[in-house]
2 protein chains.
Amino acid sequence: MTPRDQELQSWIDRIGQTLRRRRKELDLSLEDLSRLSGATVPSLSNIERGKRDVKLSTLVNLASALRIDLAELFTDDASETNTEAQNLPAGYDLEDD
Amino acid sequence: MTPRDQELQSWIDRIGQTLRRRRKELDLSLEDLSRLSGATVPSLSNIERGKRDVKLSTLVNLASALRIDLAELFTDDASETNTEAQNLPAGYDLEDD
DNA sequence: CCATAATTTATCTCACAAGATAAATTCATG
DNA sequence: CATGAATTTATCTTGTGAGATAAATTATGG
């Protein structure tokens with residue numbers, strides 16, 4: 001495994017973790033996020049567990065569904081909690097949008 | 001075209017522009033970058049022109065070859081010129097690495 | 001202008017991301 | 001524990017990103 005492969009895997013892992021952390025933060029199931037993002041449940045599972053070389057479009061959709069900036073997936077200060085408008089615990093709309 | 005498609009296209013465009021700007025900054029041809037990154041010349045052309053829904057691995061390889069942080073591709077302050085160690089005009093090593 | 005380099009476009013192939021669906025596993029909670 | 005929800009794993013299909021290669025087009029310098 002080349003060092004670049006390792007770097008890739010580390011990005012894939014970190015992005016997956018960030019996505020999962022954020023989903024939990026919003027108290028969504030994979031199924032909820034599936035409806036919000038358009039991605040299927042198995043696909044989401046694989047992405048969050050770092051099993052996929054995701055396409056940009058997928059990340060854009062997920063960031064949008066989770067109401068975070070795409071850039072946040074790449075600036076892992078690992079503990080990105082709340083930025084105000086990004087947390088809306090009550091009555092989060094689960095309709096597909 | 002949904003608004004999310006538009007957002008995707010705008011990211012694809014901006015990333016392509018950033019990559020091309022950076023390549024020119026280093027005074028590399030597509031062929032040079034091809035050797036450095038492992039991507040083929042036609043592929044690079046398509047990416048820089050915003051014709052592709054790139055995979056994460058491709059972006060990681062390109063950022064590495066161009067010696068920029070991956071995050072820089074997603075924080076487009078549009079005019080990211082020099083951050084010191086990222087500019088090495090003389091004797092830039094064209095060997096594949 | 002011409003020659004050459006750089007880039008774009010085209011074709012064909014392969015690999016794999018992601019969809020769809022179902023079954024298996026794991027996790028909560030009563 | 002049992003039961004139902006959540007997640008993971010598996011299988012099959014489809015679409016497309018990216019490699020390889022070549023030809024066409026567009027810069028650029030002499």
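Values reported hereafter were calculated over all heavy atoms of this structure, with side chains retained and with hydrogens, waters and symmetry mates removed. To find a chain, count down the sequence lines: A is the first, B the second, and so on, and within it residues start at 1. This one's a predicted model, so the numbers in the text were calculated from it and none came from an experiment.
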Quick one: B:Glu31 CD to C:dA5 P, roughly how many Å, whole number?
10 Å
With B:Ser57 via side-chain hydrogen bond (donor to acceptor under 3.5 Å, both in side chains) - residues at least two apart:
A:Asp53
Taking B:Leu33's backbone N and O only, do any of them form a donor-acceptor pair with B:Arg23's side chain (distance below 3.5 Å, no angle check)?
no
Could you tell me which residues satisfy salt bridge (Lys or Arg N to Asp or Glu O under 4.0 Å) with A:Arg20, sequence neighbours excluded, listed by chain and number?
A:Glu48
If you count heavy atoms of other groups shown closer than 6.0 angstrom to CD of A:Glu31, is the number above 12?
no
A:Leu30 CG to C:dT21 P, straight-line distance once rounded to whole Å
18 Å
Over all strands shown, is B:Val41 touching base, sugar-phosphate only, or nothing at heavy-atom distances under 4.0 angstrom?
base
Between B:Arg35 (CZ) and D:dG19 (P), how many Å, whole number?
15 Å
Any N/O pairs under 3.5 Å between the protein and nucleotides 27-30 of chain C? List them or say none.
none

Whole angstrom is fine here: how far is it from CZ in A:Arg23 over to C1' in D:dT8?
12 Å
With distance as the sole test, does B:Arg52 use its side chain to make a donor-acceptor pair with the main-chain N or O of B:Ile47 at under 3.5 Å?
no
Closest to the 5' end of DNA chain D, once A:Lys24 and B:Thr40 are matched to their nearest nucleotides, is A:Lys24
Please state how far atom CD1 in B:Ile12 lies from atom C1' in D:dG17, giving the value in whole angstrom units.
11 Å
Expressed as a whole number of angstroms, how long is the span from B:Leu33:CG to D:dG19:P?
11 Å
Can you say whether the rings of A:Phe74 and B:Phe74 are parallel (under 30°), tilted (30 to 60°) or perpendicular (over 60°)?
parallel
What does the B/S/- profile of nucleotides 23-30 of chain D look like, 5' to 3', with a 4.0 Å heavy-atom cutoff to protein?
--------
Euclidean distance, atom CG of residue B:Asp27 to atom P of C:dA5 [Å, nearest integer]
16 Å
What do you reckon, is CD of A:Gln9 surrounded by more than 12 foreign heavy atoms closer than 6.0 Å?
yes
Any donor-acceptor pair under 3.5 Å from B:Ser34 side chain to B:Leu30 backbone
no
Flag, side chain of A:Ser43 to backbone of A:Ala39, donor-acceptor distance under 3.5 Å:
no
Can you tell me how far C1' of C:dA18 sits from CG of A:Leu56, to the nearest Å?
15 Å
Does any N or O in the side chain of B:Asp32 come within less than 3.5 Å of the main-chain N or O of B:Ser29, such that one atom is a donor and the other an acceptor?
yes
In chain order, what residues pass the side-chain hydrogen bond (donor to acceptor under 3.5 Å, both in side chains) check against A:Ser45, with sequence neighbours excluded?
A:Arg49
Using a strict heavy-atom distance below 4.0 Å, which residues from residues 42-53 of chain B are in contact with DNA chain C?
B:Pro42, B:Ser45, B:Arg49
